Amino acid sequence: MEYNFKEIESKWQNQWIADKTYKVAVDASRPKFYVLDMFPYPSGAGLHVGHPLGYIASDVYSRYKRLNGFNVLHPMGYDAYGLPAEQYAIQTGQHPAITTSKNIARYREQLDKIGFCYDWSREVKTCDPIYYKWTQWAFQKMFNSYYCNNCQKAQPIENLIAHFEKEGTANLNVACGEELSFSAAEWLAKTDSEKQDILMNYRIAYLGNTMVNWCPKLGTVLANDEVSEGLSVRGGYPVEQRVMRQWSLRVSAYAQRLLDGLDTIDWTDSLKETQRNWIGRSEGTEMRFGIKGTNQEFTIFTTRADTVFGVTFMVLAPESELVAQVTTADQKTAVDEYVANTKKRTERERIADRKVTGVFSGSYAINPLTKKEIPIWISDYVLAGYGTGAIMAVPAHDSRDYAFAKEFNLPIIPLIEGADVSEQSFDAKEGIMMNSANDELNLNGLTVKESIAKTKEYVTRKGLGRVKVNYRLRDAIFSRQRYWGEPFPVYYKDGMPYMIPAECLPIELPEVSAFLPTESGEPPLGNATKWAWDEKNRCVANVADIDNKTIFPLELCTMPGFAGSSAYYLRYMDPQNTEALVSNQANNYWQNVDLYIGGSEHATGHLIYSRFWNKFLFDMGLICKDEPFQKLINQGMIQGRSNFVYRVKGTNQFVSLGLKNQYDTQEIHVDVNIVKNDILDLEAFKAWQPQFADAEFILEDGKYVCGWAVEKMSKSMFNVVNPDDIIEQYGADTLRLYEMFLGPIDQSKPWDTNGIDGVHKFLRKMWRLFFDKDGNLCLNDAEPSSKELKVIHKTIKKISDDILRFSFNTSVSAFMICVNELGDLKCNNRKVLSDLVVLLTPFAPHVCEELWHLLGNTNSVCDAKWPEFDEKNLVENTVQYPVSFNGKTRFFIEMPVGATKEQIEQAALSNEAAAKWTEGKTPKKVIVVPNKIINIVI
RNA sequence: GCGGGUGUGGCGUAAUUGGUAGCCGCGCUAGACUUAGGAUCUAGUGCCGUGAGGCGUGGGGGUUCGAGUCCCUUCAUCCGCACCA
């Protein structure tokens, strides 16, 4: 019987569906394990061979855990909202829902062929109303909450109102937009609308005027992680800064917890570091500086409080509200012009062209420690969004201040002994202070570190400022001026937003006449004929009725991509629940994700937002874990490996790689699917494109050798390899094995189909172990020989260890060795082969299921028991020791197990070969490491 | 500029964590069988050298009986953040 992978794979895939083999349910009698893939956005191009890499790895791990007795939750779904479907709709008029469901169907078809053990009954799609009901619901919970800094968790907004009613803003320590100050009496005197306005300053989901990244080309705002170097990540269009009234999530309130949480989870250091970077905690001092001739002051933030004695000027961000305050009449024209110029420049221009620019405001500040007058400047090197938008400039010890001081001829006062600041600033936080003393505070002679601490203490004691921690992490802008996203469950009454009652959720995405913004510039939802809220009838009503007093406009923006992906892992636990996001029972059982696999491109987006979202739900008491993903692995990207042919210029002749230097050639991408091991299939090439039909070839050794290069996998490079084609040719089991064999899971590597024969060959070899020469099943039921036991137990240990440390490539190698060795032993022992089949099941489930049944089993191999490792099968009678002289191995000796160090040493030295290396001298020292090595020092 | 990672044959990689460097696979060489194939099997394959042997984990230095692994230094390369005060 031949290894017919096509027959085997379709047979078992159908059987698994029929038997519901992969359906899981809560089962308190078994330990749970939750393995999750980052769900894909179903793009129109379908899957290429790089996409399933992470899915295969997680599938291997899931199956391994299942074979070890765990109840494994391993679901899959789709992140179905997104820009490409909407852009396609704008171009073609096809509804994004149609595009999306078509793409999903294609994805599913491709995924199914690979033989994953997903429980598809738990599938979620973010664009499905029964799913996004809970996205809207969570948003409303955030709207109705604020963040208490004292208890470090989210609280119901009612608690805040109660606080205001009792004592106003006194003793308030909560996350907010701006620090407000009012008494209880003042609060009670406010109108309802004023109160709502104030509460907006504290809500976790809030509507506010914020500086946003506006992308005119996409017609929408973008979050910080959706912008890179002033361009949109999707599309690469320019992005500009703009103040807009937008929904935002107060992610910044969670900055410290997001940071601290990293210490409790098992992610790679580099990913944690990226998140720490993004959160950007910086501990410093806020200090108030008076403005000369007024009783006004302003606050700056610094991490170098020790350098106050070296401040020679102050700088405000051009966008700062203080600019208008400090600008004097005679400087007004210059300042206005500078501010206007700054506004004109996009983020990108600012980054590209870092010229030192600035303008004097006309005012002076008073240094609170030296009482000296220092000029206040305005410059775009200070960012409005960080700290207080104002800095104290210490040119001697900050390179940016230094450049500014040089440009505008401002004084530079060195503060650290031995630092030469004539050419450049001395930025390092080290050294001994000088020039730093007044009547009350003397830093001279102290180290920088000591000075920072001492100044902090002084500033706090004197009431000049306070110790402050700043974060780079910004609140997440949550509005998108797009159609294809979750609608907000929000309507407006007198310009104030109100939440639609929770029992009316979900608010479904309406049909629109066009996917573009309306003529009046409103988002696409403005094109919906039925998109307003009828408070009485509680239904979505016709916009035309809006004059009616009970009908109100609905929010026209939709939610961003990360909304639907922030809590999807919870929904998989209980996907059909209509009463709750997830039931307590399901949540208490499945807890959180034990293993999460996905790409590192989500490090500062999805993985921050979902941690935030999850912590919020945790604060609300809705779920039992505050970190969603316990262990996370980033699978590497699979790049394309392009092939080239070389056309002799001006001809239709193509020259093989080795001979191309003899001609003047032009390099042309050739479809990698008609190249094998870098050898071009000439006939396929002629048939590939009409222009090559009469191509001629200059061959080497009768072959046409192609050049190659690693590039991004894309259609235009003709280097896209479709998993379907690989499966057609080699089968899903070979694809799975090969992807795992390619290299460490977390490493990026080019896809190279060369070498796939090797793993395919190995599967056929394994298959042949079960059959005799004539192709008949041939097994023996004797007890395994000690040699066979040794081979299989060595493999059990290796595979188990390797899977647990996610070293899948070495697992596959171990199989190959095992199969080779069993082949050499001509092993057809039923017990040994049973163990082998179970070991391989996570990697190649189809062929293993077939062989499992050929071995006489009637259950599925998915429910088999992982073979137990027994060390005594590996026990040897003798140990081979390499004998080294001065660290260099010279020969080997064989010793019985359990020989004493002295005996081993004796044997090594008395060996006849030893004489040659000792040259008659007595060794200075002999090192014997039991079971390892003998080293003799001469 | 700051932070993190990586560097081993022609190629993808491995090395029990300080103990025989190069497992496994590709490729290549030679051979066997042959229905001539992109099948299967056998042997070989780090480099130099006919050989004994020497040299080898980006370079230089160090610790150690012993270093791919630890320390210092330097180069190359990839990733993240970046006028963040």
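All values below come from the heavy atoms of this structure, side chains included, with hydrogens, waters and symmetry mates left out. Residue numbering restarts at 1 for every chain, and letters A, B, ... go by the order of the sequence lines. The structure displayed is predicted, hence computed values, not measured ones.
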Asks: Between atom CG in A:N277 and atom P in B:G3, what is the gap in whole Å?
Replies: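 Distance, rounded to whole Å: 10 Å.
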Asks: Across all strands shown, which nucleotide pairs with B:U63 by Watson-Crick or G-U wobble geometry, both distances under 3.5 Å?
Replies: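 Partner of B:U63: none.
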Asks: Contact class for A:Q275 (heavy atom, under 4.0 Å): base, sugar-phosphate, or nothing?
Replies: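 A:Q275: no heavy atom of the nucleic acid under 4.0 Å.
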Asks: Looking for any heavy atom pair under 4.0 Å, which part of the strands does A:N820 touch: base, sugar-phosphate only, or nothing?
Replies: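 Result for A:N820 = sugar-phosphate.
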Asks: Of the nucleotides B:U20, B:C55, B:G25, which one has an atom closest to the side chain of A:K888?
Replies: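 Output: B:C55.
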Asks: Is the NZ or CZ atom of A:R890 both under 6.0 Å from the centre of the six-membered ring of A:W917 and within 45° of that ring's axis?
Replies: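 Positive - A:R890 is close enough to the ring of A:W917 and near enough to its axis.
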Asks: Using the side-chain heavy atoms of A:K765, tell me which of these nucleotides is nearest: B:C24, B:U20, B:C41.
Replies: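 The closest nucleotide is B:C41.
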Asks: For A:T604 and A:R805, take the nucleotide of RNA chain B holding the closest heavy atom to each; which residue's nucleotide lies nearer the 5' end?
Replies: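 It is A:R805, whose closest nucleotide lies nearer the 5' terminus.
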Asks: Nearest to the side chain of A:V929, which nucleotide is it out of B:G25, B:G19, B:A15?
Replies: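 Looking only at heavy atoms from C-beta outward on A:V929, the closest nucleotide is B:G19.
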Asks: Taking only N/O atoms, report every protein-nucleotides 27-31 of chain B pair under 3.5 Å with atom names and distance.
Replies:
unit_1 : atom_1 : unit_2 : atom_2 : d
B:G27  : OP1    : A:N677 : ND2    : 3.1

Asks: Go ahead and name the base partner of B:G68; Watson-Crick or wobble counts if both distances stay under 3.5 Å, otherwise write none.
Replies: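 Pair assignment: B:G68 / none.
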Asks: Hey, does A:N809 reach any base, or is it just sugar-phosphate, or nothing, if we go heavy atoms under 4.0 Å?
Replies: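 The residue A:N809 makes sugar-phosphate contact but no base contact.
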Asks: Would you mind telling me which of B:C81, B:A85, B:C83 lies closest to the side-chain atoms of A:D380?
Replies: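 Ranking B:C81, B:A85, B:C83 by closest atom to the A:D380 side chain puts B:C83 first.
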Asks: How long is the line joining CE of A:M766 and P of B:U40, in whole Å?
Replies: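 A:M766 atom CE is separated from B:U40 atom P by 17 Å.
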Asks: Which residues pass the salt bridge (Lys or Arg N to Asp or Glu O under 4.0 Å) test with A:E821, not counting sequence neighbours?
Replies: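 By the salt bridge (Lys or Arg N to Asp or Glu O under 4.0 Å) rule, A:E821 matches A:K794.
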Asks: Quick one: A:F885 CZ to B:C65 C1', roughly how many Å, whole number?
Replies: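 Distance check: A:F885 CZ to B:C65 C1' gives 13 Å.
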Asks: Looking at residues 930-938 of chain A, who's got a heavy atom less than 4.0 Å off RNA chain B?
Replies: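 Output list: A:K932, A:I933, A:N935, A:V937.
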Asks: Is there a Watson-Crick or G-U wobble partner for B:U16 with both distances under 3.5 Å, and if so, which one is it?
Replies: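 Answer to the pairing question: none, since B:U16 forms no Watson-Crick or G-U pair.
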Asks: Figure out the CG/P separation between A:L271 and B:C78, and round it to whole Å.
Replies: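 That distance rounds to 21 Å.
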Asks: State whether A:D802 and A:K798 are salt-bridged, where the test is any N-O pair (Lys NZ or Arg NE/NH1/NH2 against Asp/Glu carboxylate O) under 4.0 Å.
Replies: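 Answer for the salt bridge query: yes.
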Asks: Could you tell me if the ring centre of A:F5 sits under 6.0 Å from that of A:H760?
Replies: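 Yes, the ring centres sit under 6.0 Å apart.
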Asks: Does A:W267 have A:R611 sitting over its ring (NZ/CZ under 6.0 Å from centre, angle to axis within 45°)?
Replies: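 Geometry flag: set, cation within 6.0 Å and 45°.
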Asks: With heavy atoms under 4.0 Å as the rule, sort A:R764 into base, sugar-phosphate or nothing.
Replies: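 Sugar-phosphate, no base atom in range.
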Asks: Taking only the side-chain heavy atoms of A:Y381 (C-beta and beyond), determine which of B:C81, B:C83, B:G25 contains the nearest atom.
Replies: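 From the listed options, B:C83 comes nearest.
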Asks: For the residue pair A:T878 and A:V897, what are the closest heavy atoms and their distance?
Replies: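 Closest approach of A:T878 to A:V897, heavy atoms only: N-CG2, 3.9 Å.
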Asks: Could you list the residues that satisfy salt bridge (Lys or Arg N to Asp or Glu O under 4.0 Å) with A:D824, not counting sequence neighbours?
Replies: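 Salt bridge (Lys or Arg N to Asp or Glu O under 4.0 Å) list for A:D824, sorted by chain: empty.
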Asks: What interatomic distance, in whole Å, is found between P of B:G68 and the corresponding atom of B:A21?
Replies: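 The same atom, P, in both gives a distance of 8 Å.
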Asks: A:T810 has a side chain; which of B:A15, B:U20, B:A85 sits nearest to it?
Replies: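 Of B:A15, B:U20, B:A85, B:A15 is nearest to the side chain of A:T810.
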Asks: Which whole-number value in Å describes the distance from A:Y730 OH to B:G38 P?
Replies: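 Taking atom P of B:G38 as the reference, OH of A:Y730 is at 13 Å.
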Asks: As a test of reading the structure: which of B:G19, B:A85, B:G54 is closest to the side chain of A:I927, going by heavy atoms?
Replies: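 The answer is B:G19.
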Asks: Reckon A:F762 touches a base, only the sugar-phosphate, or nothing at all at heavy-atom distances under 4.0 Å?
Replies: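 A:F762: no heavy atom of the nucleic acid under 4.0 Å.
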Asks: Under 4.0 Å between a side-chain N or O of A:S282 and OP1 or OP2 of B:A85?
Replies: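 For B:A85, OP1 or OP2 has a side-chain N or O of A:S282 closer than 4.0 Å.
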Asks: What's the shortest heavy-atom distance between A:W751 and A:M713, and which atoms?
Replies: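 A:W751 and A:M713 have their closest heavy atoms at CB-CE, 3.7 Å.
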Asks: If you assign each of A:D398 and A:D269 to its closest nucleotide in RNA chain B, which residue comes earlier from the 5' end?
Replies: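 Here A:D269 is the residue nearer the 5' end.
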Asks: Given that both distances must come in under 3.5 Å, which nucleotide forms a Watson-Crick or G-U wobble pair with B:C26?
Replies: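 Paired with B:G10.
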Asks: Please find the pair of heavy atoms, one from A:T357 and one from A:F404, that lie closest to each other, and give the distance.
Replies: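 Result for this residue pair: O-CE1, 3.3 Å.
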Asks: If we call it a pair only when both distances are under 3.5 Å in a Watson-Crick or G-U wobble match, what pairs with B:G3?
Replies: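 Here B:G3 is engaged in a pair, and the nucleotide opposite it is B:C79.
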Asks: Check every atom of B:C81, B:G54, B:A14 against the side chain of A:P744 and return the nucleotide holding the closest atom.
Replies: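 Minimum distance to the A:P744 side chain belongs to B:A14.
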Asks: May I have all residue pairs that pass salt bridge (charged side-chain N to carboxylate O under 4.0 Å, His left out) and include part of residues 299-312 of chain A, sequence neighbours excluded?
Replies: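 Pairs touching residues 299-312 of chain A that pass the test: A:R304-A:D306.
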Asks: When we call it a touch if two heavy atoms are under 4.0 Å apart, what does A:R768 touch: a base, just sugar-phosphate, or nothing?
Replies: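 Touches sugar-phosphate only.
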Asks: Closest approach to the side chain of A:T274, judged atom by atom: which nucleotide of B:G80, B:A14, B:G25 is it?
Replies: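 Among B:G80, B:A14, B:G25, the one nearest the side chain of A:T274 is B:G80.
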Asks: Looking at A:K6 and A:E728, is there a salt bridge between them, counting it only when a charged N and a carboxylate O are closer than 4.0 Å?
Replies: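 So A:E728 pairs with A:K6 through a salt bridge.
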Asks: I'd like to know if A:D801 pairs up with A:R805 as an ion pair, taking the criterion as any Lys NZ or Arg NE/NH1/NH2 lying under 4.0 Å from an Asp or Glu carboxylate oxygen.
Replies: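 A:R805 and A:D801: not salt-bridged.
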Asks: Find the distance A:W278:CH2 to B:C79:C1' and express it as a whole number of Å.
Replies: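 So the two atoms are 15 Å apart, to the nearest Å.
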Asks: Within a 6.0 Å radius of atom CD on A:Q880, are there more than 12 heavy atoms belonging to other residues, nucleotides or ligands?
Replies: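 Above 12, so yes.
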Asks: In the structure shown, which nucleotide is the Watson-Crick or G-U wobble counterpart of B:U35, with both distances under 3.5 Å?
Replies: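 For B:U35, the partner nucleotide comes out as none, under the 3.5 Å rule.
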Asks: Atom CD of A:Q424 to atom P of B:C83: distance rounded to whole Å?
Replies: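 Those two atoms, CD and P, are 20 Å apart.
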Asks: Out of B:G53, B:A14, B:C24, which has the shortest distance to the side chain of A:K916?
Replies: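 Closest of the options to the side chain of A:K916: B:G53.
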Asks: Considering residues, nucleotides and ligands other than A:E871, do more than 12 of their heavy atoms fall under 6.0 Å from its CD?
Replies: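 It does not: A:E871 CD has 12 such atoms or fewer within range.
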Asks: Between protein and nucleic acid, restricted to nucleotides 10-12 of chain B and to nitrogen or oxygen atoms under 3.5 Å apart, what atom pairs and distances do you find?
Replies:
unit_1 : atom_1 : unit_2 : atom_2 : d
B:G12  : O2'    : A:L742 : O      : 2.6

Asks: Within this structure, what is the NZ-to-C1' distance between A:K429 and B:C2, rounded to whole angstrom?
Replies: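 After rounding, the gap between these two atoms is 12 Å.
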